[in-house]
**Student:** 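Got a structure for you, written out below as C-alpha cells; questions coming shortly.
Computed from a prediction, not measured in an experiment: that's the story for all the values here.
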Amino acid sequence: MATAAHSGAQAKARSRKDLTGPALRTFFRIADVWGLKEAEQMKLLGLDNRSTFQTWKRGAIAAIPKDALERISYVLGIYKGLKILLPRTADEWVRKPNDAPLFAGRPAIERMTSGNVADLYVVRQYIDAQRG
C-alpha cells in the first residue's frame, strides 16, 4: 500500500516537473506582452523572494509548487479568454480601468496582483462568463 502511494507521489512530481518549463516560459511571455513589472509578476506567481523569482525566470528549477502551477493556469486562461473576447485590445485590458463591480473602476491587474490565488480565479471566472 505504501509503495502505491509513493509511486503516485512520484508521478505527480514528474508531472509538475514536465509542466514547469513550458508553464514558466509561457507565463513570462504573457508577462512581457502585458508589460508586467517584476513585482507584479512575483505577486501573480505567489512569490515573496526576488532570488527565487530570478531562479524561476532563468528556468533553473526542476519543479515549481502546485500553487504556482495553479496560478499560471489562471493567468493562461485569462490571457486566452481575453484574446477571444477582445482580439485587438486584449493585452491592454488588464491595465484599463474597469467599471464592472468586480473591479470597482480599477484595472484588473490590481485585483490579479493582490497575492491571493482566489482573485486570479475570480478574474478568470469573470472572463469566462463574458465569453458566454
**Student:** Enter the distance from Phe27:CZ to Leu45:CG here, rounded to the nearest 0.5 Å.
**Tutor:** 3.5 Å
**Student:** For Phe28 and Ile72, run side chain to side chain contact (heavy atoms under 4.5 Å, CB included): C-alpha distance rounded to whole Å, both residues' side-chain angles, the deciding distance at 0.1 Å, then the answer.
**Tutor:** CA-CA 10 Å; Phe28 288 119; Ile72 292 171; over 6 Å; no
**Student:** Would you give the length of the straight line joining atom CG of Leu69 to atom CG of Leu24, rounded to the nearest 0.5 angstrom?
**Tutor:**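 Taking CG in Leu69 and CG in Leu24, the distance rounds to 8.0 Å.
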**Student:** Assess whether atom CG of Asp48 is packed by more than 12 heavy atoms of other residues, nucleotides or ligands within 6.0 Å.
**Tutor:** no
**Student:** Applying salt bridge (Lys or Arg N to Asp or Glu O under 4.0 Å), run through Arg106 and Glu110 and close with a yes or a no.
**Tutor:** CA-CA 7 Å; Arg106 303 175 74 119; Glu110 289 186 23; 2.4 Å; yes
**Student:** Does atom CZ of Arg50 have more than 12 heavy-atom neighbours, drawn from other residues, nucleotides or ligands, at distances under 6.0 Å?
**Tutor:** no
**Student:** What distance separates Leu47 CG from Lys57 NZ, expressed to the nearest 0.5 Å?
**Tutor:**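 It comes to 12.5 Å.
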**Student:** I'd like to check the ring pair (Phe, Tyr, Trp, His ring centres under 6.0 Å) partners of Tyr126; sequence neighbours left out, ordered by chain and number.
**Tutor:** Phe103
**Student:** Can you confirm whether more than 12 heavy atoms, excluding those of Arg131, are under 6.0 Å from its CZ atom?
**Tutor:** yes
**Student:** I'd like to know whether NZ of Lys83 has more than 12 heavy-atom contacts from other residues, nucleotides or ligands below 6.0 angstrom.
**Tutor:** yes
**Student:** From Ile78 CD1 over to Gln125 CD, what is the distance, rounded to the nearest 0.5 angstrom?
**Tutor:**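 Between atom CD1 of Ile78 and atom CD of Gln125 there are 10.0 Å.
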**Student:** Any side-chain donor paired with an acceptor under 3.5 Å for Gln54 and Glu38?
**Tutor:**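 Per modelled atom types, Gln54 and Glu38 side chains form a pair under 3.5 Å.
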